[in-house]
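Comments concern the structure below.
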Amino acid sequence: MPDPMHFDAHAEIYDRARPPYPDALWIRLQEQGWLRRGTRVIELGAGTGQATGPMLQAGAAVTVVEPGEALADRLRRRWPEAAVHVATAESMPVPPATFDLAVAATAVHWFDLDVVLPKLHRALVPGGHFAVWRTVFGDPSVPVSPFRERVAAITARRGGEPPRRGPGELATEGWAAQLTESGHFVTIHIEEFHWTVEFRTDQIRDLFTTFSNWSAAEVEEAAQAADQFGGRVVEHYLTPLIVLERAAG
Ligand SMILES: C[S@@+](CC[C@H](N)C(=O)[O-])C[C@H]1O[C@@H](n2cnc3c(N)ncnc32)[C@H](O)[C@@H]1O
């Protein structure tokens, strides 16, 4: 089973290696009015603040819940305006009807939704929203690059991925179904954002080190592959967004 504390053990690398979310995602959240100046946000599984920063810059008041001490410490130092709680989404006590928006950025697959969904339903105001998105590191709609072929060859040798919570990372409709089946939320928006980022070999080494299912030897192999392709690779990523509305009652 992947270890959720993997990120905390690599907090410094996580902080510098994970690419920011695409501008188009932030534009959509703001133009729809889900994120605006004064929005009270609770963000679960915030890491070192990859999503926290842009929300603060949009004028939101952000409370973050992050179980990793080292991750939370970095987030606190970088974004002192955020209210930081070192806790899991499951254990964090939240007062009722306090937040307009809940956010889980590349994190919802770590949560026990039987516990977290009723908790968020209580924590949100009537008409509040829960925005869930993630980065899929490899956009399946783009032709496979030589570097991606090498990455696929590395992961293919594992003989089956370890089990994870919930549907696969590309099963966006499956996630929407899972997030709504308890009746606490209804889906109001699904969208996919396609984006591109170029990495040097050292950045590939850092980024792959942050993946909870990659061994150090596999990371080194990916870095060597990047080197063989000239020390720079262009990666195509996908960010599916699901926006849910709190169900009445
Ligand atoms: C892949 S990282 C995403 C971090 C950040 N939100 C981002 O966008 O890069 C997953 C995060 O979820 C956190 N996490 C794992 N289990 C959790 C739980 N039960 N409750 C809250 N956060 C959790 C991890 O510590 C980690 O920071």
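Reckoned from all heavy atoms, side chains included, excluding hydrogens, waters and symmetry mates. Numbers here simply count residues along the sequence, with the first being 1. Just follow the structure's listing: the first ligand is 1, and inside any ligand the first atom is 1.
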Please list, in number order, the atoms of ligand 1 under 4.0 Å from a heavy atom of Leu71.
25 (O), 27 (O)

Quick one: look at Ala104 and ligand 1, take heavy-atom pairs under 4.0 Å, and tell me if it's side chain, backbone, both or neither.
neither

Do other residues, nucleotides or ligands put more than 12 heavy atoms under 6.0 Å from the CD atom of Gln224?
yes

Parallel under 30°, tilted from 30 to 60°, perpendicular over 60°: which one fits the rings of Phe185 and His121?
perpendicular

Could you identify the single nearest non-hydrogen protein atom to atom 9 (O) of ligand 1 and state the distance to 0.1 Å?
Tyr14 OH, 2.6 Å

Side chain Asp8, main chain Ala70, donor-acceptor under 3.5 Å
yes

Considering only heavy atoms, does Leu44 approach ligand 1 within less than 4.0 Å through its side chain, its backbone, both, or neither?
neither

Report yes if some heavy atom in the side chain of Gln32 is under 4.5 Å from a heavy atom in the side chain of Leu29; otherwise report no.
no

What protein heavy atom sits nearest atom 16 (N) of ligand 1, and how far away is it?
Trp110 CB, 3.4 Å

Run the numbers on Leu238 and Val142 for side chain to side chain contact (heavy atoms under 4.5 Å, CB included), then give the verdict.
CA-CA 10 Å; Leu238 170 69; Val142 174; over 6 Å; no

Please state whether the rings of Trp110 and Phe7 are parallel, tilted or perpendicular, taking 30° and 60° as the class boundaries.
perpendicular

Are any of the heavy atoms in Ala51 under 4.0 Å away from ligand 1?
no

Which residue and heavy atom of the protein sit nearest atom 1 (C) of ligand 1, plus the separation:
Thr106 O, 3.2 Å

Nearest protein heavy atom with distance in Å, relative to atom 14 (N) of ligand 1:
Pro67 CG, 3.8 Å

For the CZ atom on Arg78, are there more than 12 heavy atoms of other groups (residues, nucleotides or ligands in this structure) within a distance under 6.0 Å?
no

Proximal atoms of ligand 1 relative to Ala46 (non-hydrogen, under 4.0 Å)
4 (C), 5 (C), 6 (N)

Below 3.5 angstrom, do we get any N/O pair linking Arg18 and ligand 1?
no

Any N/O pair Tyr21/ligand 1 closer than 3.5 Å
yes

For Gln50, take its heavy atoms, then give the atoms of ligand 1 lying under 4.0 Å from any of them.
5 (C), 7 (C), 8 (O), 9 (O)

State, without any angle test, whether Thr39 and Asp100 hold a side-chain donor-acceptor pair at a distance under 3.5 Å.
no

Taking ring-ring contact (aromatic ring centres under 6.0 Å, His included) as the criterion, tell me which of Trp175, Trp26, Trp34 meets it with Trp133.
Trp26

Quick test: of every protein heavy atom, which one is nearest to atom 11 (C) of ligand 1, and how far off is it to 0.1 Å?
Gly45 O, 3.7 Å

When you measure from the side chain of Glu90 to the backbone of Asp112, do you find a donor-acceptor pair of N or O atoms at a distance under 3.5 Å?
yes

Where's the contact between Ala105 and ligand 1, heavy-atom distance under 4.0 Å: side chain, backbone, both or neither?
both

Any donor-acceptor pair under 3.5 Å from Ser91 side chain to Ala87 backbone
no

Considering non-hydrogen atoms of the protein only, which is the closest contact for atom 25 (O) of ligand 1, and what is the distance?
Glu66 OE2, 2.7 Å

Is Glu66 reaching over with its side chain to a backbone N or O of Ala72, donor-acceptor style, under 3.5 angstrom?
no

Tell me, which protein residue and heavy-atom name are nearest atom 20 (N) of ligand 1, and how many Å apart are they?
Ala89 N, 2.8 Å

Is ligand 1 less than 4.0 angstrom away from at least one heavy atom of Asp8?
no

Note the single closest protein heavy atom to atom 19 (N) of ligand 1, along with its residue, its atom name and the distance in Å.
Glu90 OE1, 2.8 Å

Which ligand 1 atoms, with their elements, are less than 4.0 angstrom from a heavy-atom of Phe7?
1 (C), 10 (C), 24 (C), 26 (C)

